[in-house]
> 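Submitted below is the structure of interest, expressed as structure tokens.
We name chains A, B, ... by the order of the sequence lines, and we start the count at 1 in each one.
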Amino acid sequence: MPEGPELHLSSLFINDSVKGLIFSGEIHKSDVSKNPTIKWDVPFYTITAESRGKEMKLWLEEYTPKEGTQAMPPQKISILFRFGMSGCFKLSSVDEIPKHSHLRFFTAKNNADTIQVLNFVDFRRFGKWEVNVDWGSDRGPCPITDYENFRHNIVNNLENPAFKNKAICEVLLNQKYFNGIGNYLRAEILFRSKIAPFDDAYNVLCDWKHAAFYPIKTENGAAPSNQDPLYLCHAICSEVLKLSGGYDVETGLKENGSFEKWLQCYQNPHMKSLTDRNKRTIWFDGEPGPLVPNDSNIRRPKTKRRIVENVVEKSVTGVKARKRNVVTESTELQASSRIPTRRSPRFAHVLELKGEQTL
DNA sequence: CGTCCACGTCTAC
DNA sequence: TAGACCTGGACGG
């Protein structure tokens, strides 16, 4: 779930779904969570949210029913969340607290209305929260909400060692500059910009150093070229935000399949994949580029051969089948490409489409 | 049953 | 630059 767009959608979801709700009572933490207990003892409070890259802040503000009667300004605290690999927010009833809910905010009892619960759900528990802290100091501006500063922070710091002699696919995961970009976004960004994942990051980014913030329209009004990777960091996030069809994190996006259909490269069995220096899988098309680590893709050599044979066997006929064959052979020579060993259920639709094409 | 893999950090040698 | 931190789904035997 959670890269920049999901964090942003979560904040939109909370601001929308919790708008007008009054919360009350203590904030409940699961027994198993190692994150801090939140001491917050006011009769009533409201919740708002904001996101920045791969972080999200909740603001809790004391609610006083009658305006102007409070002697003191309302109390306020913030909770900074990082979602890890599986964190998300879900609204539920008291009777249907989701499994793996680790932090719960309860609405006040209110005659007619049933109590609702805002849950931080995180089945792998890599997610973290901290109370009353600022955004992570080692994280850059948000490509979604602060694109211009995001871009400045990169082009003004290109001489930093973070960009020197590094593969662009690895630099794209450096949250000091690419806060919010994760493994699926880097694949989609590089795929659309037609940049080889293991090209030198400094060289690549220097090419776009003086480009316009937004692609410039051609004179005849034709669509501008959108291959600027920095612009794509913003634009591709925006596409994901639009997919949900509103802020409905529950039924939108990942659960209705629109996200899977939107992905062009990530975990697509027709693409190539390699592991980067941090053993993270990068999905790509075409040439890998010069900075492929020596040990990339030697993780499961035993199964690889068998998988390659399976793939060729199943590729029946047609251009794609031949193309595929070439791909596997050339990467075998390099001893550095991984053929997806399983197809993700997420890509069932791709395979279906392919079936239609080859029939 | 077992192994591998997953939208991400962290920190310890 | 490994591992650690976690749960669970897909797949293999």
Side-chain angles (χ1 to χ4, degrees), chain A residues 1-10 30-35 51 53-56 80-89 98-102 120-130 135-140 143-144 166 169-170 172-176 178-190 233 236-237 239-241 243-244 249 253-255 258-260 262-269 273-283 293-307 310-311 314 338-348 351:
Chain A
M1 202 200 178
E3 297 184 20
E6 288 75 19
L7 277 278
H8 192 72
L9 282 169
S10 291
S30 73
D31 295 336
V32 72
S33 173
K34 293 171 184 166
N35 284 301
S51 76
K54 257 182 248 177
E55 295 182 318
M56 201 201 80
L80 180 72
F81 288 87
R82 263 152 288 140
F83 282 16
M85 292 284 267
S86 57
C88 63
F89 276 88
K99 201 180 175 186
H100 305 296
S101 163
H102 295 296
F120 179 64
V121 180
D122 181 15
F123 76 88
R124 293 185 71 182
R125 271 183 275 145
F126 293 170
K128 299 275 159 57
W129 66 76
E130 296 173 85
W135 303 113
S137 57
D138 45 4
R139 290 177 170 273
I144 296 171
K166 297 231 162 57
C169 73
E170 290 163 7
L172 281 173
L173 294 184
N174 182 347
Q175 303 297 297
K176 187 162 184 164
F178 294 90
N179 188 5
I181 305 304
N183 210 16
Y184 83 73
L185 283 169
R186 74 168 176 174
E188 299 300 313
I189 290 163
L190 293 174
C233 287
I236 291 184
C237 286
E239 287 186 21
V240 178
L241 298 180
L243 284 179
S244 69
V249 173
L253 222 52
K254 319 273 162 155
E255 291 182 24
S258 61
F259 176 73
E260 285 73 13
W262 170 83
L263 286 171
Q264 295 179 23
C265 183
Y266 179 74
Q267 289 191 339
N268 181 334
S273 62
L274 285 169
T275 52
D276 68 15
R277 243 205 317 297
N278 303 308
K279 300 287 173 280
R280 299 264 260 151
T281 304
I282 175 69
W283 296 81
N294 294 329
D295 65 345
S296 186
N297 174 41
I298 54 172
R299 287 165 86 184
R300 290 189 297 159
K302 251 192 156 180
T303 51
K304 196 174 71 174
R305 170 68 61 186
R306 180 169 45 73
I307 296 301
N310 281 349
V311 168
K314 286 177 183 171
R338 293 171 70 222
I339 299 306
T341 53
R342 319 148 200 267
R343 79 197 139 70
S344 160
R346 150 178 299 171
F347 277 97
L351 297 179

> With respect to the phosphate group of C:dT7, does any side-chain polar atom (N or O) of A:Arg125 fall under 4.0 Å of OP1 or OP2?
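Yes, within the criterion.
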
> Please state how far atom CZ in A:Phe123 lies from atom P in B:dA6, giving the value in whole angstrom units.
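So the CZ-P distance, A:Phe123 to B:dA6, works out to 13 Å.
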
> With P as the reference atom in both, quote the distance from B:dC13 to C:dC5 in angstrom, rounded to an integer.
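Those two atoms are separated by 12 Å.
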
> Which whole-number value in Å describes the distance from A:His102 NE2 to C:dC5 C1'?
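Checked: the NE2 to C1' distance equals 13 Å.
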
> Does A:Arg82 pair with A:Glu130 as a salt bridge, N-O distance under 4.0 Å?
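Salt bridge present between A:Arg82 and A:Glu130.
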
> Considering only side-chain heavy atoms of A:Lys34, which listed nucleotide, B:dA6, C:dC5, C:dT7, is closest?
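Nearest to the side chain of A:Lys34 among the choices is C:dC5.
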
> Without decimals, in angstroms, what is the distance between A:Gln267 CD and C:dG9 P?
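The distance from CD of A:Gln267 to P of C:dG9 comes to 15 Å, rounded to the nearest Å.
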
> Find the partner of B:dC7: check Watson-Crick (N1-N3 plus N6-O4 or O6-N4) and G-U wobble (N1-O2, O6-N3) distances, both under 3.5 Å, and reply none if neither fits.
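For B:dC7, the partner nucleotide comes out as none, under the 3.5 Å rule.
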
> Nearest to the side chain of A:Arg124, which nucleotide is it out of C:dT7, C:dG8, B:dG8?
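From the listed options, C:dT7 comes nearest.
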
> May I have the distance from A:Tyr266 (atom OH) to B:dA6 (atom C1'), rounded to whole angstrom?
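It works out to 6 Å between those atoms.
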
> Calculate the interatomic distance between A:Lys279 atom NZ and B:dA6 atom P; express it in whole Å.
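Result: 13 Å.
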
> Grab the CG-P distance between A:Asn268 and B:dC7 for me, whole Å please.
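To the nearest whole Å, that distance equals 15 Å.
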
> CZ of A:Phe81 versus C1' of B:dG8: gap in Å, rounded?
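In whole Å, B:dG8 C1' lies 17 Å from A:Phe81 CZ.
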
> Between A:Leu185, A:Leu243, A:Ile236, which is the residue that forms a side chain to side chain contact (heavy atoms under 4.5 Å, CB included) with A:Pro5?
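Going through A:Leu185, A:Leu243, A:Ile236 one by one, the side chain to side chain contact (heavy atoms under 4.5 Å, CB included) with A:Pro5 is satisfied by A:Leu185 alone.
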
> Starting at atom CG of A:Leu241, determine the distance to atom P of B:dC7, rounded to an integer number of angstrom.
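Taking atom P of B:dC7 as the reference, CG of A:Leu241 is at 20 Å.
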
> Given side chains that start at C-beta, do those of A:Arg125 and A:Ser30 come closer than 4.5 Å, heavy atoms only?
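No, too far: nothing below the 4.5 Å cut-off.
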
> With a 4.0 Å limit, can you tell me whether A:Thr281 has a side-chain N or O closer than that to the phosphate oxygens OP1/OP2 of B:dA6?
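For B:dA6, OP1/OP2 do have a side-chain N/O of A:Thr281 under 4.0 Å.
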
> Decide if atom NZ of A:Lys166 counts as having more than 12 heavy atoms of other residues, nucleotides or ligands within a radius under 6.0 Å.
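It does: A:Lys166 NZ has more than 12 such atoms within range.
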
> Under 4.0 Å: is that the gap between some side-chain N or O of A:His100 and OP1 or OP2 of C:dG8?
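Yes, because at least one side-chain N or O of A:His100 sits under 4.0 Å from OP1 or OP2 of C:dG8.
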
> When you measure from the side chain of A:Glu3 to the backbone of A:Lys54, do you find a donor-acceptor pair of N or O atoms at a distance under 3.5 Å?
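No, A:Glu3 side chain to A:Lys54 backbone: no donor-acceptor pair under 3.5 Å.
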
> Rounding to the closest angstrom, what is the interatomic distance between C:dG3 and B:dC5 at atom P?
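Here C:dG3 and B:dC5 have their P atoms 15 Å from each other.
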
> Looking only at atom C1', what distance separates B:dT9 and C:dG9, rounded to whole Å?
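The same atom, C1', in both gives a distance of 22 Å.
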
> Could you check whether any side-chain heavy atom of A:His100 comes within less than 4.5 Å of a side-chain heavy atom of A:Pro98, counting everything from C-beta outward?
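Counting from C-beta outward, A:His100 and A:Pro98 never come under 4.5 Å.
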
> List, with names and distances, any nitrogen or oxygen atoms from the protein found under 3.5 Å away from nitrogen or oxygen atoms belonging to nucleotides 9-13 of chain B.
from	atom 1	to	atom 2	distance (Å)
B:dT9	OP1	A:Arg139	NH2	2.2
B:dT9	OP2	A:Lys54	NZ	2.4
B:dC10	OP1	A:Arg82	NH1	2.3
B:dC10	OP2	A:Arg82	NH1	3.3

> Below 30° counts as parallel, above 60° as perpendicular, anything between as tilted: where do the rings of A:Phe89 and A:Phe120 land?
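Answer is tilted, since the angle falls between 30° and 60°.
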
